[in-house]
Amino acid sequence: MANVVVVGAQWGDEGKGKIVDWLSLEADVVVRFQGGHNAGHTLVIGNQTYKLALLPSGIVRPGKLSVIGNGVVLDPHHLVDEIAKLAGQGIEVSPANLKIAENVTLILSLHRELDAHREQASTDAVKIGTTKRGIGPAYEDKVGRRAIRLMDLAELDTLDEKIARLLAHHEPLRRGLGLEPVTAQTIRDELTCVAPKVLPFMDTTWDLLETARRDGKRILFEGAQGALLDVDHGTYPFVTSSNTVAANAATGSGLGPKAIGYVLGIAKAYTTRVGGGPFPTELTDKTGELIGDRGHEFGTNTGRRRRCGWFDAVLVRQAVKTSGIDGIALTKLDILDGFEEIKVCVNYKLDGAFIDHLPASQAAQARIEPVYETIEGWEGTTAGARSWADLPAQAIKYVRRIEELIEAPVALLSTSPERLDTILVHNPFQDR
Ligand code: IMP
């Protein structure tokens with residue numbers, strides 16, 4: 001029985017929440033391994049909608065253990081708020097169903113301020129369009145070896161020297177940017193007031209996960225964002241600040257690479273992106289608007305309108321390779337219902353030559369032009385389909401062509417936000 005890693009195969013917002021929720025029914029443990037509360041996972045269960053940003057999607061299911069791994073950046077104040085919000089919806093989060101890595105990096109108010117300041121100070125051409133949640137600055141401090149980590153809240157006698165080390169970097173930076181100075185006492189207060197609320201969740205999660213793995217428990221690793229937002233493999237610098245590819249499930253949770261079994265990539269039947277950066281198949285016309293309206297393409301967290309475009313097989317094929325994707329869950333096919341024709345990007349043209357991958361250079365990424373194949377659309381609806389027999393023949397043809405182009409099979413087809421509206425081809429938890 002394989003463990004399963006779920007990763008986005010585009011620029012995030014592929015509908016991971018529903019798929020993770022669907023899979024979590026078969027999992028014992030659900031783990032977040034990167035990112036922070038920049039993620040937005042929407043779960044629709046019966047007539048309830050849960051919007052999660054930081055907590056693993058398994059949290060809404062009784063009897064499942066949720067783990068926030070060391071690869072995440074955690075805003076403790078946001079955590080407390082998200083737990084309170086769920087409590088208001090009748091979901092109890094306690095140390096019995098949530099464990100947080102003791103070595104997780106904390107996001108502080110100075111990270112949020114820095115993130116927002118940089119965004120506001122950037123011109124449109126270079127604006128990353130971050131979620132302003134402090135994700136990037138927190139990861140910078142982690143690799144800069146000056147971050148405050150969860151366990152530091154349990155060692156208050158040494159917290160001051162850690163804050164001093166952090167401020168030795170941030171004070172001159174803030175001065176240079178014209179930001180108000182921040183005192184050590186402010187940071188200390190911000191941390192000590194929240195410490196009693198988050199420390200009960202702290203655990204040695206790498207050990208706990210290894211024990212679970214050895215005991216044959218099924219672990220579901222829940223990726224956030226998408227492969228094209230990966231800090232190494234994405235559209236740099238228009239990316240998030242963590243590795244979003246599947247291999248990071250191991251590093252970000254403290255397990256060896258063999259703990260990762262099946263890699264399930266999630267892709268929409270078209271493409272969306274929020275924030276700045278290249279988007280070869282973007283549609284800035286009425287068709288793009290129509291896809292956005294029909295697909296309710298607004299950020300779960302920030303409410304921003306998402307940019308929309310045709311399915312880009314080049315990007316997803318690349319994600320299949322950089323994440324080692326075994327199968328794809330294709331989502332939101334119904335948004336394309338009724339289109340007379342649908343385009344799929346099969347190649348790029350760069351300076352007059354065809355290329356079959358996204359070039360690494362920022363300038364080249366901005367210059368590439370999509371090469372399209374046009375596929376006949378279908379009449380009737382795919383919404384709510386629960387078997388292949390429910391799908392129009394032409395919709396099946398579209399899915400088959402995508403499989404060919406991305407060099408990976410479709411393991412699941414999601415046909416509405418409802419959990420049961422799913423066509424299962426291959427159960428990722430079953431051995432291949
Ligand atoms: P950050 O992760 O807030 O630093 O934002 C960096 C880039 O990643 C921006 O383009 C964001 O719009 C994008 N991003 C971050 N989280 C998500 C997500 O959950 N879905 C889609 N895009 C995201």
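All values derive from a computational prediction rather than experimental measurement. Order of appearance sets the numbers: ligands from 1, and atoms from 1 within every ligand.
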**Request:** Between Thr131 and ligand 1, find which residue part has any heavy-atom pair under 4.0 Å and reply side chain, backbone, both or neither.
**Result:** both
**Prompt:** Do side-chain atoms of Asp152 reach the backbone of Arg149 as a donor and acceptor pair under 3.5 angstrom?
**Reply:** yes
**Request:** Report the nearest protein non-hydrogen atom to atom 5 (O) of ligand 1: residue, atom name, distance rounded to 0.1 Å.
**Result:** Thr130 CA, 3.3 Å
**Request:** Return yes when Arg306 approaches ligand 1 closer than 4.0 angstrom through a heavy atom, no otherwise.
**Result:** no
**Request:** For the residue pair Asn243 and Gln34, confirm or rule out a side-chain donor-acceptor distance under 3.5 Å.
**Result:** no
**Asked** Does ligand 1 have a heavy atom under 4.0 Å from the side chain of Val239, from its backbone, from both, or from neither?
**Response** backbone
**Request:** Among all protein heavy atoms, pick out the one at the shortest distance from atom 13 (C) of ligand 1; state its residue, atom name and that distance to 0.1 Å.
**Result:** Leu229 CD1, 3.8 Å
**Shortest protein heavy-atom distance from atom 22 (N) of ligand 1, along with the residue and atom involved** = Val274 CG2, 3.4 Å
**Message:** Which of the numbered atoms in ligand 1 are under 4.0 angstrom from any heavy atom belonging to Gly275?
**Reply:** 10 (O)
**Request:** Please work out which of Lys132, Arg133, Arg304, Gln10 has its closest non-hydrogen atom nearest to atom 12 (O) of ligand 1.
**Result:** Arg304
**Request:** Please report which non-hydrogen protein atom sits nearest to atom 18 (C) of ligand 1, along with the residue it belongs to and the distance in Å to one decimal place.
**Result:** Asn38 O, 3.8 Å
**Complete:** So CG of Leu114 and CG of Leu179: to nearest 0.5 Å the spacing works out to 7.0 Å
**Prompt:** Between atom CD1 of Ile219 and atom CG of Asp28, what is the distance when rounded to the nearest 0.5 Å?
**Reply:** 8.5 Å
**Request:** Write out the residue and atom name of the closest protein heavy atom to atom 20 (N) of ligand 1, then the distance separating them to 0.1 Å.
**Result:** Asp13 OD1, 3.0 Å
**Asked** Would you say Lys321 and Gln318 make side-chain contact, with heavy atoms under 4.5 Å?
**Response** no
**Message:** Below a 4.0 angstrom heavy-atom separation, can you tell me which part of Arg273, side chain or backbone, both or neither, approaches ligand 1?
**Reply:** neither
**Item:** ligand 1 contact by Gly40, heavy-atom criterion under 4.0 angstrom
**Value:** yes
**Request:** Please name the residue in the list Ser57, Ser66, Ser24 that meets the side chain to side chain donor-acceptor pair (under 3.5 Å) test with Glu222.
**Result:** Ser57
**Request:** Determine whether the side chain, the backbone, both or neither of Trp11 has a heavy atom under 4.0 Å from any heavy atom of ligand 1.
**Result:** backbone
**Prompt:** Heavy-atom count around Lys162 NZ within 6.0 Å, excluding the residue itself: above 12?
**Reply:** yes
**Prompt:** What protein heavy atom sits nearest atom 11 (C) of ligand 1, and how far away is it?
**Reply:** Gly129 O, 3.4 Å
**Distance from atom 2 (O) of ligand 1 to nearest protein heavy atom, with residue and atom** = Thr240 OG1, 2.6 Å
**Message:** Just verifying a value: how many Å separate Leu108 CG and Glu113 CD, rounded to the nearest 0.5 Å?
**Reply:** 10.5 Å
**Asked** Knowing that exactly one of Leu229, Ile266, Thr272, Thr271 qualifies, which makes a side chain to side chain contact (heavy atoms under 4.5 Å, CB included) with Gln10?
**Response** Thr271
**Asked** Any salt bridge between Arg401 and Glu404, counting N to O under 4.0 Å?
**Response** yes
**Asked** Looking at atom 17 (C) of ligand 1, what's its closest protein heavy atom, distance included?
**Response** Gln225 CG, 3.5 Å
